[in-house]
Amino acid sequence: MLRMVLPTGRIIKEAEIFLTRAGYAPAENLAATRKLLVPSKCGRLEYLLVKPVDAPLYVEQGVAECGISGKDVLMELAPDLLEPLDLGFAKCRMAVAGRPAIVRSLDNTLSPVRVASKFPRVARLHFEKRGIPSVVFKLSGSVEIGAVLGLAHYIVDIVETGTTLRENGLVVHEEIAACSARLVVNRAAFYTQNEVVNNLMADLRKALP
Amino acid sequence: MANAKDLTFPPGAELVFGPQAQRRGYVNEAIARVFAGWGFSEIILPTFDARNSDDPDAYTMIDREGRNLALRADFTEIAAKALAIELRRDARTIRACYEGRVYRFQPSGHGARVEQSQRGLEWVNVRGAIYDAATILIARECLDALGLDKAVTVICHAAFVNAALGEKGRADRALHEAIDHKNPARILELARRRGFDAKSAELLAQLPRLCGGPEVLQQAGALAQNTEARTALDELADIVKLLEAAGGLKRGVLIDLGEVRQFNYYSGMMFRIYNPEVGDDLGGGGRYDRLFDRYGMDVPAVGLGLDIARVTEALPRKDMNGEQKPVVVTPRDGLAAALKARALGKTVVLEGQ
């Protein structure tokens with residue numbers, strides 16, 4: 001039996017539908033249960049339910065052989081994992097957003113841009129790659145307000161429909177990456193349980209949207 | 001105690017004491033015995049050297065005379081330099097084994113150790129598949145000696161991936177990462193964006209699937225586009241044949257042609273060893289025929305290194321051999337009692353008042 005980490009939060013419902021379609025229906029309703037370990041009805045998987053941002057760590061450390069994680073979280077944490085399958089659900093974009101016209105201070109024309117984000121590493125690397133000096137503030141939520149009230153020139157965040165941005169008068173300036181739910185696999189488990197992992201991947205591939 | 005903070009070490013430092021340290025000793029000795037059994041002799045290498053690369057993960061320092069130094073980040077490079085000196089004196093086949101720590105920066109939050117204890121060997125001036133196969137079998141013998149019979153050896157080839165990547169793919173970090181993550185969709189997307197022709201892009205996207213038993217070599221043969229790739233596959237086929245004849249294929253051997261995590265000096269076959277219950281590899285090795293080029297020498301070589309901490313982690317918990325009960329001697333019993341017990345070969349513990 002393999003253990004699979006699932007992130008609670010916005011992905012869980014879609015994950016449950018997907019896993020059921022692939023023949024790995026959980027024994028309990030994942031969105032409703034308060035248990036942290038739930039077996040699949042077929043008995044081939046055991047689901048471990050954790051916060052999205054913690055999911056990759058469990059797989060990286062080998063506590064779980066595999067897991068589902070949003071690409072946004074993987075980009076931020078950069079865990080040392082295999083990422084063999086794009087599961088195609090929970091789609092969104094990692095993007096740089098801000099007010100339509102960014103006004104920077106003229107007191108110091110070399111001043112770094114200020115960036116607010118729940119994804120500080122992604123934000124820092126992105127501006128580094130562009131050769132733009134930046135100061136990144138780590139926020140835990142309501143990132144948009146950072147740009148609205150001028151805490152930051154830009155925000156780096158995931159954008160699904162863009163409604164929240166529009167309602168706050170913000171626009172997408174640049175797309176960093178397309179995100180979606182990914183299957184991640186521990187490196188050692190991939191080799192030591194190669195056949196079992198391959199079978200799981202084949203089943204999941206058949207259920208892709 | 002002045003300050004509790006004084007009692008911490010930086011993340012990644014390695015501290016071991018108690019039964020675990022004893023187990024480490026047991027692992028170290030078992031591996032050393034196997035290496036000695038294959039005729040390897042110990043080489044003692046410096047922990048630091050002049051800083052001569054821009055390796056961002058090396059720990060560097062400057063001494064009081066202004067020398068730029070770097071802590072040993074890898075054994076093979078420092079061993080090659082030492083053995084180049086020896087080869088210049090007397091060119092021959094050298095079997096050298098080492099033990100000690102390497103130091104590499106690790107991003108925090110992943111629990112990885114900066115200090116890693118390794119035991120390994122360098123087999124210098126040897127050419128041919130038989131030496132590659134023997135190196136893999138030596139590694140297996142070490143694990144067998146420790147009872148790790150569930151370990152899986154994963155074999156790959158540096159030249160095959162390099163041939164697939166071609167000139168323009170070799171320095172492409174994003175493409176490397178996608179191959180490393182075994183993410184075919186991303187590989188295909190990047191290969192197309194970088195302007196690879198359809199056939200090369202298809203081969204790259206197939207790399208994650210070229211993992212399994214010896215049949216993988218035939219599958220890859222159908223995809224191989226140039227002599228470099230075909231030579232690599234032939235070399236692997238020869239090694240596999242030798243392993244098979246030695247009975248080493250029956251258990252836990254996989255071929256993974258999509259492996260790209262490698263030190264840049266590997267030129268031929270490479271291998272890594274994995275064990276259930278340990279999240280990362282226990283060690284590995286490979287062939288590096290071009291490493292001595294930098295010293296103006298044409299010296300083919302193979303090597304292997306095992307991570308002592310991870311091998312210890314893989315060890316079944318109960319398996320501690322020959323623990324004899326110590327004889328407890330108190331100062332009242334006197335030193336003579338302790339010496340008498342020692343003379344009988346007993347373990348003596350002198351303690352108390």
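Per chain, numbering begins at 1; letters A, B, ... match sequence-line order. Just so it is clear, the values below take in all heavy atoms, side chains as well, and ignore hydrogens, waters and symmetry mates.
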With a 4.5 angstrom heavy-atom cut-off, is it the side chain or the backbone of [X] that approaches chain A, or both, or neither?
{"X": "Asp281(B)", "value": "neither"}
{"X": "Asp180(B)", "value": "both"}
{"X": "Arg186(B)", "value": "neither"}

Identify the two heavy atoms, one from Phe119(A) and one from Val156(A), that lie closest to each other, and give their separation to 0.1 Å.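 The pair with the smallest heavy-atom distance is CD1-O, 4.2 Å.
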Could you pull out every donor-acceptor pair under 3.5 Å between side chains of residues 128-135 of chain A and any protein atom, sequence neighbours left out?
unit_1	atom_1	unit_2	atom_2	d
Glu128(A)	OE2	Arg124(A)	NH1	3.1
Arg130(A)	NE	Glu174(A)	OE2	2.8
Arg130(A)	NH2	Glu174(A)	OE2	2.3

If only side-chain N and O atoms count, and only distance matters, is there a donor-acceptor pair under 3.5 Å linking Thr33(A) with Glu28(A)?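 Judged by distance alone, the side chains do pair up.
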Distance to the ring centre below 6.0 angstrom and angle to the axis at most 45 degrees; does that hold for Lys168(B) and Phe196(B)?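 Ring-cation test returns yes.
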What part of Leu77(A) is in contact with chain B, defined as an atom under 4.5 angstrom from a non-hydrogen atom: side chain, backbone, both or neither?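 It is the backbone, since no side chain atom gets that close.
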Out of Pro184(B), Ala112(B), Pro276(B), return the one with the most heavy atom pairs under 4.5 angstrom to chain A.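 Ranked by contacts with chain A, first place is Pro276(B).
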Pick whichever of Pro84(A), Gly62(A), Ala189(A) has the most heavy-atom pairs under 4.5 Å with chain B.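 Looking at each option in turn, the highest pair count goes to Pro84(A).
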Sequence neighbours left out, cut at 3.5 Å: what donor-acceptor pairs do the side chains of residues 52-60 of chain A make with other protein atoms?
unit_1	atom_1	unit_2	atom_2	d
Glu60(A)	OE1	His110(B)	ND1	2.9
Glu60(A)	OE2	Asp80(A)	N	2.9
Glu60(A)	OE2	His110(B)	ND1	2.7

